[in-house]
Every structure is written in structure tokens, then in C-alpha cells.
Amino acid sequence: MLYLVATPIGNLEDIGKRALACLESCELILCEDTRRTSILLNRYGIHKSMAPFHQFNESKALARVLDELRGGKEIALVSDAGTPCINDPGLGLVQACIEASLPFTAIPGPCSPIQALLLSGFDTAQFQFIGFLPRKGQKVLRKLLSYPGTTIGFESPERLVDTLEELHTLDPQRRVAVAREMTKTYEECRRGTASELIAHFKEHRPKGEIVLLISGGKLPEEELSLDELLELLQELHGISLKEAIKLAAKLKHLPKSAVYKQAHS
Ligand code: SAM
């Protein structure tokens, strides 16, 4: 049987009794990095054979692991931190188990996107997780800013200010949150507009692991009616109605002919 076991995302105390019992009783632990997992196992005095299972050997290791599972071996899968399969190895193995009708279960525990959602105070009823935020992804960011619920994404400390700057350009009023070093000594969650957070992180260079959250809403141009948008575009950019129609169609993702028809109705 396969067990997907969530492990701490910083504070080694954040592990449940079931997870520890499973790591204690299984015959093999598949790890993203055996050195990282050894730190956790040593902390709890668990001595168990480990084998690497990461993005570079996942497809190669799969057949062997499936054979062992078929033979009735008790195997736990952990990642370096948090919940396996969430931007971490494991999904291929889960899908192969389903395909081969091999039993598996998941032992719940820390998961950084969910932890960050709790700290943000943003809508928890509707949210989307997008993995790492896109690089130079204005188009994708626009789409994220049109999502009505909370958007949760991973970001690196090096890229954080750039991404906040792009968010500021697209929607200066939107509330965002940066959850950093969660469960660790320097845990912090900062909330505000992108420009407020830029000001802070320009002064205090961001370090460590980061989850960026965007509160739900609409892009400013989506809140305007078509007529209001056409008027505003002409006024702001000093362009003709024809040019404003072209731009509005792009912004509203509508066919130009539909915008033209409404503008002349
Ligand atoms: N599977 C993991 C989980 O469930 O949390 C996520 C793995 S993903 C490869 C690693 C990313 O998770 C980091 O780059 C960071 O964005 C986020 N992360 C992990 N631990 C974190 C922490 N303690 N504080 C803030 N972000 C964290």
C-alpha cells in the first residue's frame, strides 16, 4: 500500500501522530531528497530505508515502485516539505496506482498554499492555486486579476518586487498578501496594495520561501460598462472612437463588431 505523507514546511513539530506512525511502520520511504528527509526522521528517531523519488527519476523509478506495491510492500512517499504532489513529485505514481488498481491513501498535514490562504484573511470559500506565478506573464496576470476568488501562487524572493510592480500596473487598488517563511522563526504575512508591499520589500529585501496571494475582484476596465469604457479610453488616451472600439474589444475580450454595434446603437 502507498501512503502520501505530508511533512512540515518549516517547523519540525508540525507533524501528526498518524504521519509519524506511518513513517515508523512502513518498509520504505520514497523521498525527494534523502538528506532533507533524514533531518525529519532523525528528529523523531526513525530509522528507515529511503530511496530517492524526484522529478528526475520519477518515470524511471515508477515501474520498480509499482512492482513493490504489487508485492504488498508498505511504502510512504514524502517530499522535501509539505504535501506530496502539490508542485512536488508523486502525481505520476498516484495515477499509475489508480490505473493498476493498487491501493493508496494520503495522510494530511502542512500544505503551504493552504497555510498562506489562512494567514491572508482573503476569501476562503473560493480560491485557485496556480503553482509558481508566471514570469513576464502580463496576459496571465490579467486573467488572475479577473478571478472572483483568492488566487494563490508561489513566488521567489528575487522576483517578488517585479511581480508586485506588474500587479500594481494592472490594478493599483487590489489587495495582495505575501506569506513568507511560514511556521519558521521569521514568519510574516504582509497585506496591502501592491505599492504598499513594494515600498516595504524595497526597504526590507525579501528572503526565504514565499507565497503570494491576490484577493478576488475585477480589473478596473471590467467594472465599467462598454459605453463608460469607450468614453474613458477616448478621454484618457486622446484617441478616436474607432480606435477606442478596437481597444475596448481587446480589453473586454469581445468581437470588434459587437463593440461597434453597441457604440452606434
Ligand atoms: N508541496 C509543498 C507544499 O505542500 O507546501 C510545496 C512545494 S513547492 C516546490 C515549494 C514552494 O512552496 C516554495 O518555493 C514556496 O513558494 C512555498 N513554500 C514552502 N514552504 C513555505 C514556507 N514555510 N513559507 C512560505 N512559502 C513556502
Side-chain angles (χ1 to χ4, degrees), residues 2-16 18-20 22-23 29-37 39-40 43 52-58 76-95 104-122 124 127-135 137 140-141 144 150-164 166-167 176-192 197 200-201 204-214:
L2 172 71
Y3 301 86
L4 308 169
V5 182
T7 57
I9 56 169
N11 188 326
L12 291 186
E13 302 290 310
D14 293 332
I15 186 155
R18 247 185 103 208
L20 284 176
C22 175
L23 295 176
I29 304 176
L30 299 175
C31 317
E32 201 181 351
D33 180 343
T34 52
R35 287 162 305 180
R36 277 288 292 268
T37 301
I39 299 172
L40 177 71
R43 163 77 180 74
F53 192 85
H54 44 66
Q55 56 169 327
F56 303 108
N57 80 340
E58 188 169 356
L77 171 75
V78 298
S79 61
D80 281 353
T83 302
C85 305
I86 306 300
N87 251 95
D88 271 340
L91 182 61
L93 182 54
V94 166
Q95 290 173 342
F104 71 93
T105 190
I107 301 185
C111 185
S112 60
I114 298 299
Q115 184 77 8
L117 179 64
L118 296 181
L119 295 180
S120 72
F122 294 164
T124 52
F127 57 88
Q128 61 175 355
F129 168 60
I130 54 143
F132 278 92
L133 278 138
R135 275 152 207 272
V140 185
L141 285 184
L144 300 180
T150 307
T151 295
I152 311 167
F154 295 146
E155 189 50 287
S156 72
E158 296 77 27
R159 281 213 19 98
L160 178 65
V161 169
D162 286 352
T163 301
L164 289 171
E166 282 181 41
L167 289 173
V176 290
V178 172
R180 202 177 64 78
E181 292 289 89
M182 293 180 296
T183 78
K184 305 183 198 174
T185 313
Y186 297 106
E187 168 177 302
E188 69 167 355
C189 183
R190 298 212 152 252
R191 308 160 198 88
L197 297 187
H200 172 81
F201 286 113
H204 308 90
R205 204 167 60 81
K207 287 186 199 147
E209 298 192 283
I210 289 169
V211 181
L212 178 62
L213 303 101
I214 306 168

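Counting starts at 1 for both ligands and their atoms, in listed order.
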Quiz item: How does Asp88 reach ligand 1, if at all, at less than 4.0 Å between non-hydrogen atoms: by side chain, backbone, both, or neither?
Solution: side chain
Quiz item: Which heavy atom of the protein is the closest neighbour of atom 4 (O) of ligand 1, given with residue, atom name and distance?
Solution: Thr83 N, 2.9 Å
Exercise. Decide yes or no for Leu119 and Val211: does some side-chain heavy atom of the first lie under 4.5 Å from some side-chain heavy atom of the second?
Key: no
Quiz prompt | Distance (rounded to the nearest 0.5 Å) between Glu155 CD and Leu213 CG | solution = 11.5 Å
Exercise. Apply side-chain contact (heavy atoms from CB on, under 4.5 Å) to the pair Thr150 and Thr124, showing each step before the final yes or no.
Key: CA-CA 7 Å; Thr150 307; Thr124 52; over 6 Å; no
Quiz prompt | Ala116 and ligand 1 - part of the residue with a heavy-atom distance under 4.0 Å | solution = neither
Quiz item: N/O to N/O below 3.5 Å, does that happen between Ile9 and ligand 1?
Solution: yes
Quiz item: Do any nitrogen or oxygen atoms of Ile86 lie less than 3.5 angstrom from nitrogen or oxygen atoms of ligand 1?
Solution: yes
Exercise. Could you tell me whether Lys184 and ligand 1 have an N or O pair separated by under 3.5 Å?
Key: no
Quiz item: Do Leu93 and Leu30 touch side chain to side chain, with heavy atoms closer than 4.5 Å?
Solution: yes
Quiz item: Where is the tightest heavy-atom contact between Cys22 and Val5, given as atom of each residue plus distance?
Solution: SG-CG2, 3.9 Å
Exercise. Can you pull out the closest protein heavy atom to atom 13 (C) of ligand 1? Residue, atom name and distance to 0.1 Å, please.
Key: Glu209 OE2, 3.5 Å
Practice problem: Have a look at ligand 1 and work out which part of Glu181, if any, has a heavy atom under 4.0 Å from it: side chain, backbone, both or neither. | Solution: backbone
Self-check item: Interatomic spacing from CG in Leu133 to CG in Leu160 - rounded to 0.5 Å
Solution: 9.5 Å
Quiz item: Considering only heavy atoms, does Ile210 approach ligand 1 within less than 4.0 Å through its side chain, its backbone, both, or neither?
Solution: backbone
Quiz item: Quick check: are there more than 12 heavy atoms from other residues, nucleotides or ligands sitting under 6.0 Å from CZ of Phe127?
Solution: no
Quiz item: Mind checking whether Met182 has an N or O less than 3.5 Å away from an N or O of ligand 1?
Solution: yes
